[in-house]
2 protein chains.
Amino acid sequence: MDSVSKMDILKSYLETKGLKSTSQRDYIADIFFKTNTHISLEELLKKVKRKNTNIGYATVYRTMRLLTECGLAISRQFGDGQTRYENLPEDGHHDHIICIKCSKIAEFQNQKIEQLQVEAAKKLGFTVVNHKLELYGYCPDCV
Amino acid sequence: MDSVSKMDILKSYLETKGLKSTSQRDYIADIFFKTNTHISLEELLKKVKRKNTNIGYATVYRTMRLLTECGLAISRQFGDGQTRYENLPEDGHHDHIICIKCSKIAEFQNQKIEQLQVEAAKKLGFTVVNHKLELYGYCPDCV
DNA sequence: ATAATATTGATTTTCATTTTCAATTTCAAG
DNA sequence: CTTGAAATTGAAAATGAAAATCAATATTAT
């Protein structure tokens, strides 16, 4: 199972840093690994509190920093003043389109674009490993 | 001259919004259009104050919001807690491909990709104003 | 020139993030 | 199974960039 191996990566990271394993960290990480969106700390805390009322904001904050440090989470800022954390997608890649007025984020996939990227890179002698594509504009509500 | 036409775009935008043209806005925009980096408000304010001590932080802030709204600036957050503004490149748009080994940066343009982006956005009801595309991979020397 | 309206800039407010600290928990060694 | 050093927790306070406020000022159409 995927979340198991992610948990193992976390455990290894803690060990090498001389940090301790705690029920709070495990719980927060487990919830996060099951998310599929760009989740903010508030949102994650809310999810966590549903079953575990005692966990505080600071612990979620610190756990997400750890996950980011060991590469299990990607912290992103889309311009709405909130840091959001992205769980590593198990399968495919997606790109983002961000509203420059209300900061709404939509995702899309386009195989043709990915293919053209590889071709454009090849023309310059580059081999593409990874990419980041963000479109900025107006969402349907803000046009 | 390019900065003239950018200034024209700004002027048109102000007009359609019923906003007024002021010496501060013109001055800030002019300075910004000459930048080549990802500049923060603090940095821009500092540049602006060199010749025009009376302009305040708030005005720079508001001017950059305007420039962002009309697509003349791109606001970015790299994770250091500061918003930075990127000036649109003078000679049309280009994307970047970055070598993950030696950090060499090459630029490319691809009209077809841009077109597909607009289409992908339209499917979601978005109107694209600008975009950021970064490819990461190996350059010819590092393959 | 006037009046209506927008802008300015110093300041304050807001709010997400980060730090602090006393109480608690973990874990390796005895 | 203890013990104790060291890390963790969570509530609360501090931080600081971004956004809002407001009286004074500037702009623009008439």
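Here is how names work: the chains are called A, B, and so on, in the same order as the sequence lines, proteins then strands, and each is numbered from 1.
Here the range on DNA chain D touched by chain B, meaning any atom under 4.0 Å from one of its heavy atoms, is D:dA17 to D:dT28.
Grouping the Ile, Leu, Val, Met, Phe, Trp and Tyr side chains by contacts below 4.5 angstrom, directly or via other members, places B:V118 apart from A:L135. Note on B:L133: it does not cluster hydrophobically with B:I74, by side-chain heavy-atom contacts below 4.5 Å among ILVMFWY residues.
Using a 4.0 Å heavy-atom cutoff across all strands shown, A:S23 reaches no nucleic acid atom at all. Residue A:S40 is out of contact with every strand shown, counting any heavy-atom pair closer than 4.0 Å.
Contacts of A:E43 classified as salt bridge (Lys or Arg N to Asp or Glu O under 4.0 Å), with partners at least two apart in sequence or in another chain: A:R84. Qualifying salt bridge (Lys or Arg N to Asp or Glu O under 4.0 Å) partners for A:K11, counting only residues two or more places apart in sequence or in other chains: A:D26. Applying the side chain to side chain contact (heavy atoms under 4.5 Å, CB included) rule to A:A29 yields the partners A:M7, A:L10, A:F33, A:L67; only residues at least two apart in sequence or on another chain are considered. For A:H96, the ring pair (Phe, Tyr, Trp, His ring centres under 6.0 Å) partners at least two apart in sequence or on another chain are A:H38, A:F78, A:H94. Residues that satisfy the side chain to side chain contact (heavy atoms under 4.5 Å, CB included) test with B:Q115, not counting sequence neighbours, are B:K112, B:E119.
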Residues 121-131 of chain B, side-chain donor-acceptor partners within the protein, below 3.5 Å, at least two apart:
residue	atom	partner	partner atom	Å
B:H131	ND1	B:Q117	OE1	3.2
B:H131	NE2	B:H93	NE2	2.8
B:H131	NE2	B:D95	OD1	3.2

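Residue pairs meeting the salt bridge (Lys or Arg N to Asp or Glu O under 4.0 Å) criterion with at least one member in residues 126-143 of chain A, sequence neighbours excluded, are A:R76-A:E134, A:K104-A:D141, A:E134-B:K132. For residues 51-69 of chain B, every residue pair satisfying the side chain to side chain donor-acceptor pair (under 3.5 Å) rule, not counting sequence neighbours, is listed here: B:Y13-B:E69.
Side-chain N/O atoms of A:N87 and A:K34 include no donor and acceptor closer than 3.5 Å.
Across its full length, the helix from C:dA1-D:dT30 to C:dG30-D:dC1 shows an angle of 40° between the axes of its 5 terminal pairs at either end, rounded to 10 degrees.
Side-chain atoms of A:R25 do not come within 3.5 Å of backbone N or O of A:V60 as any donor-acceptor pair.
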Legend entry - Contact state string [nucleotides 17-25 of chain C, B base, S sugar-phosphate only, - no protein heavy atom under 4.0 Å]: BBBB-----

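Other residues, nucleotides and ligands place more than 12 heavy atoms under 6.0 Å from the NZ atom of B:K49.
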Close N/O contacts between protein and nucleotides 28-30 of chain C (under 3.5 Å):
none

